[in-house]
Amino acid sequence: MPAQPQPGDPRRVPGSSPPRAPSPRSPYAGTLGPRKNLVELPVGHSAEVKPPVTAGDFVGKYFAQDSLEFLRWAARYFRDDNVTLCVLLYMMGSQEVGGAVELKQTEIAAELEMDPAQVSRAQSKLKKLGLAYSPKKGSIQLQPAVTLRGGYRLVEKPVRGAVAKRVKVQVEQLSLLNELVLDPDVPEEFRGMALPGAKLPRPSARTRKRKRTGKKPEE
């Protein structure tokens with residue numbers, strides 16, 4: 001049975017620790033690493049510094065980054081399972097910075113006008129697919145390889161001889177993926193989907209049955 005996170009232990013919360021260089025055995029070792037703020041330009045060249053491109057005109061203000069391939073896949077894979085698709089979309093739209101969904105099954109069920117048992121079954125399906133897992137009771141971590149709400153989050157930073165202080169830590173996708181794939185407490189299905197080059201399962205190729213309407217063809 002995977003070890004359960006202990007209260008006050010920020011290391012058990014994905015994305016709660018500052019980004020750090022991965023170990024040599026990490027699949028992201030070649031991508032992540034020390035970053036420099038110093039940019040060396042060739043002799044005789046100059047550079048122009050511009051502010052980053054921003055996006056602040058989304059409906060409801062907040063937004064997440066989603067894999068386009070994943071969105072297309074979800075539409076096909078869950079075409080005959082509207083309950084799971086609705087639960088997935090609702091959790092994607094409810095995630096905190098870092099991809100955690102802090103909602104009870106009863107809360108999701110109430111919003112979607114479903115039975116909590118339906119939400120539970122849908123979440124179980126998503127976990128088996130490696131798209132979600134529960135790092136602690138009452139919390140769902142979504143797969144950052146397919147959807148992620150980035151930004152800054154407040155975490156407790158231990159201070160020797162003093163009370164821990166809350167600091168802002170930027171959540172970065174590669175650092176978060178690196179942390180998850182190396183955590184033995186994360187389910188194998190979730191870690192597998194977080195690896196570089198992971199593939200989504202192929203949707204069923206079975207033919208859908210069309211409902212008979214009883215209407216006579218027009219002459």
Side-chain angles (χ1 to χ4, degrees), residues 1-23 26-29 31-38 49 51-67 88-108 110-111 123 126-127 131-187 190-191 193-194:
M1 179 177 179
Q4 295 296 317
Q6 300 298 318
D9 184 2
R11 295 173 298 175
R12 293 298 186 185
V13 180
S16 62
S17 56
R20 57 182 182 275
S23 65
S26 168
Y28 292 96
T31 307
L32 290 169
R35 300 184 180 182
K36 300 180 179 179
N37 291 325
L38 178 64
V49 179
V53 177
T54 59
D57 202 24
F58 286 91
V59 175
K61 184 180 177 181
Y62 299 107
F63 62 95
Q65 296 173 309
D66 305 308
S67 160
L88 171 62
L89 291 175
Y90 192 83
M91 292 198 300
M92 289 172 63
S94 304
Q95 61 181 303
E96 304 291 338
V97 172
V101 180
E102 307 293 346
L103 292 174
K104 297 178 181 178
Q105 292 176 349
T106 52
E107 294 175 312
I108 298 176
E111 288 294 328
Q123 290 182 342
L126 296 174
K127 289 176 182 179
L131 301 177
Y133 90 101
S134 297
K136 60 181 180 180
K137 187 175 181 179
S139 177
I140 294 287
Q141 172 67 41
L142 296 180
Q143 176 58 256
V146 298
T147 180
L148 178 65
R149 179 181 170 188
Y152 290 85
R153 64 190 304 178
L154 287 173
V155 299
E156 297 286 343
K157 182 179 180 181
V159 179
R160 182 177 296 180
V163 179
K165 62 179 182 179
R166 294 174 67 83
V167 297
K168 281 187 175 182
V169 175
Q170 184 177 11
V171 174
E172 297 179 343
Q173 186 197 37
L174 292 181
S175 295
L176 181 57
L177 288 169
N178 172 68
E179 180 182 341
L180 289 167
V181 297
L182 296 179
D183 189 344
D185 292 331
V186 175
F190 194 90
R191 283 188 285 128
M193 187 57 65

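Numbers for residues simply follow the sequence, beginning at 1. All figures in this text were calculated on a predicted structure; none of them were measured in a lab.
Taking E102 as the reference, S139 meet the side chain to side chain donor-acceptor pair (under 3.5 Å) condition, with sequence neighbours excluded. With sequence neighbours left out, the side-chain contact (heavy atoms from CB on, under 4.5 Å) criterion links E111 to Y90. For the side-chain contact (heavy atoms from CB on, under 4.5 Å) test, residues two or more places apart in sequence or in another chain that qualify with R191 are V186, E188. Residues passing the side-chain contact (heavy atoms from CB on, under 4.5 Å) test with V181, sequence neighbours excluded: P27, Y28, A194, L195. Under the side chain to side chain donor-acceptor pair (under 3.5 Å) criterion, K127 pairs with S134, not counting sequence neighbours. Applying the side-chain contact (heavy atoms from CB on, under 4.5 Å) criterion to Q123, with sequence neighbours excluded, gives V87, M91, Q105, I108, V119, I140.
In terms of heavy atoms, A64 sits closest to T147 at CB-OG1, 4.5 Å. For the pair F190 and L142, the tightest heavy-atom approach, listed with the atom from each and the gap, is CZ-O, 3.6 Å. The minimum heavy-atom distance between D66 and M92, with the atom names listed, is OD1-CE, 3.4 Å.
Using a 4.5 Å heavy-atom threshold, the side chains of K157 and R166 count as separate. With contacts defined as side-chain heavy-atom distances shorter than 4.5 Å, the pair K168/L154 qualifies. Q143 has its side chain within reach of L177: a pair of non-hydrogen atoms, C-beta onward, lies under 4.5 Å apart.
In this structure, D183 CG and N178 CG are separated by 11.0 Å, a value rounded to the nearest 0.5 Å. How far CD of E96 is from CD of Q141: 11.0 Å, rounded to the nearest 0.5 Å.
Side-chain atoms of Q173 never come within 3.5 Å of backbone atoms of G150 as a donor-acceptor pair (strictly under, hydrogens ignored).
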